[in-house]
**Q** 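Have a look at this one.
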Amino acid sequence: MSAVKLLELLRWRHCGEVFVPECKIGSAGSRVMDAFALLPTWSPLTAIGYEIKVSRSDWTSDQKFYNYLSCCHLLYIVAPKGIVNKGELPDGIGLLEPIGQGAGTRLVMRVKAVRQKVDHAKLIRVLTYVLMW
């Protein structure tokens, strides 16, 4: 399954909500989350970061998602079944996998993310990027 297809499923999951693919976490040259969503609620304010993984080697060799923990309340890895084993997930990070015919028709939560405290200055930088986007 391609990253484009997984991103499409995320976009569908957040239909009607703020959804930004390839969302920077700061100014020029900063890291880029594969996707960012802001839920339409104040109680509580909820920012969600997503990191897409499409191969086992991508999962085992790339740990940049740790940089995103401080700028979102929830962080999910999005990957086809078999790419990420539940026991390999760092504490608090969730896992979404596609299910359905062919390349998948929707995402299901295999591991629920635990709400984290954010660094408000970092979250404001992300939200500023979202407004500029």
Side-chain angles (χ1 to χ4, degrees):
M1 173 170 290
S2 72
V4 171
K5 177 62 178 174
L6 291 172
L7 192 60
E8 180 183 312
L9 292 174
L10 281 171
R11 187 183 310 275
W12 179 253
R13 182 182 188 91
H14 290 287
C15 181
E17 299 170 352
V18 175
F19 180 78
V20 180
E22 297 183 14
C23 184
K24 288 186 179 181
I25 66 169
S27 59
S30 62
R31 296 260 185 209
V32 177
M33 281 187 271
D34 289 327
F36 174 83
L38 185 64
L39 301 185
T41 179
W42 284 102
S43 182
L45 179 66
T46 303
I48 307 171
Y50 294 101
E51 178 69 11
I52 294 172
K53 299 296 180 189
V54 294
S55 71
R56 180 81 180 141
S57 62
D58 184 22
W59 166 247
T60 58
S61 66
D62 180 10
Q63 304 292 305
K64 68 179 179 266
F65 59 86
Y66 283 107
N67 295 294
Y68 312 145
L69 283 170
S70 60
C71 56
C72 50
H73 298 101
L74 301 170
L75 181 62
Y76 282 94
I77 304 299
V78 183
K81 187 174 183 169
I83 301 293
V84 178
N85 298 317
K86 293 178 188 179
E88 298 173 324
L89 286 168
D91 289 342
I93 296 178
L95 175 63
L96 298 176
E97 293 179 342
I99 63 166
Q101 297 291 345
T105 56
R106 66 186 177 98
L107 294 168
V108 295
M109 188 179 309
R110 297 295 185 203
V111 177
K112 185 175 182 177
V114 176
R115 187 174 179 86
Q116 307 288 323
K117 290 185 179 186
V118 298
D119 178 326
H120 289 96
K122 290 181 180 181
L123 179 57
I124 287 171
R125 284 195 296 271
V126 172
L127 294 174
T128 300
Y129 176 80
V130 167
L131 284 171
M132 288 189 284
W133 183 80

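These numbers come from the heavy atoms of this one structure, side chains and all, not from hydrogens, waters or symmetry mates. Residue numbers run from 1 in the order of the sequence given. Note that the structure is a prediction, hence the values are computed from the model and not measured.
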**Q** What distance do C72 atom SG and I25 atom CD1 have between them, rounded to the nearest 0.5 Å?
**A**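 So the gap between those two atoms works out to 9.0 Å.
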**Q** Under a 4.5 Å cut-off applied to non-hydrogen side-chain atoms, are L7 and E22 in contact?
**A** no
**Q** V84 and E97: side-chain contact (heavy atoms from CB on, under 4.5 Å), yes or no, with the steps?
**A** CA-CA 9 Å; V84 178; E97 293 179 342; 5.9 Å; no
**Q** Any chance you could measure D34, atom CG, to L10, atom CG, to the nearest 0.5 Å?
**A** 9.0 Å
**Q** For L38 and T46, work out which heavy atoms get closest and say how close.
**A** CD1-O, 3.5 Å
**Q** Quick check for you: to the nearest 0.5 Å, what is the distance between L131 atom CG and I124 atom CD1?
**A** 11.5 Å
**Q** I need the I77 CD1 to L6 CG distance, nearest 0.5 Å.
**A**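 Rounded to the nearest 0.5 Å, the CD1-CG separation comes out at 12.0 Å.
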**Q** Does R11 have any side-chain hydrogen bond (donor to acceptor under 3.5 Å, both in side chains) partners at least two apart in sequence or in another chain, and if so, which?
**A** none
**Q** Identify whether I93 and V32 are in the same connected component of the hydrophobic contact network (ILVMFWY, side-chain heavy atoms under 4.5 Å).
**A**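 No, I93 and V32 fall in different hydrophobic clusters.
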**Q** Just verifying a value: how many Å separate L75 CG and M33 CE, rounded to the nearest 0.5 Å?
**A**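 The CE atom of M33 is 8.0 Å from CG of L75, to the nearest 0.5 Å.
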**Q** How would you list all residue pairs meeting salt bridge (Lys or Arg N to Asp or Glu O under 4.0 Å) that involve residues 115-133, not counting sequence neighbours?
**A** none
**Q** Roughly how far apart are T128 OG1 and K24 NZ, rounded to 0.5 Å?
**A**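 Here the rounded value is 13.5 Å.
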**Q** Is there any ring-ring contact (aromatic ring centres under 6.0 Å, His included) pair reaching into residues 32-65, and which pairs are they, with sequence neighbours excluded?
**A** H14-Y50, W59-F65
**Q** Whether the side chain of N67 engages the backbone of K64 through a donor-acceptor N/O pair (distance < 3.5 Å, no angle test) should be reported.
**A**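 Yes; judged by distance alone, with no hydrogens or angles, the pair exists.
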**Q** Where do Y76 and A113 come nearest, in terms of heavy atoms and distance?
**A** OH-N, 3.2 Å
**Q** With a 4.5 Å limit on heavy-atom distance, are the side chains of Q116 and V118 in contact?
**A** no
**Q** Minimum heavy-atom separation for A79 to P98, with atom names?
**A**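 Here A79 and P98 meet closest at O-CD, 3.4 Å.
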**Q** Using the side-chain contact (heavy atoms from CB on, under 4.5 Å) definition, which of the options K112, R13, R110, R106 pairs with L96?
**A** R13
**Q** Mind running side-chain contact (heavy atoms from CB on, under 4.5 Å) on L123 and H73 for me, showing each step along the way?
**A** CA-CA 9 Å; L123 179 57; H73 298 101; 4.0 Å; yes
**Q** Verify side-chain contact (heavy atoms from CB on, under 4.5 Å) between V20 and V126, making sure each step is shown before the conclusion.
**A** CA-CA 10 Å; V20 180; V126 172; over 6 Å; no
**Q** Taking the basic N atoms (NZ, or NE/NH1/NH2) and the acidic carboxylate oxygens, is any pair closer than 4.0 Å for E88 and R56?
**A**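 Salt bridge present between E88 and R56.
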**Q** State, with a plain yes or no, whether a side-chain heavy atom of V18 is found less than 4.5 Å away from one of V130.
**A** yes
**Q** Is it possible for you to say whether L9 and M109 belong to one hydrophobic cluster, with membership spreading through side-chain heavy-atom contacts below 4.5 Å?
**A** yes
**Q** Within the 4.5 Å heavy-atom criterion, are V114 and D91 side-chain neighbours or not?
**A** no
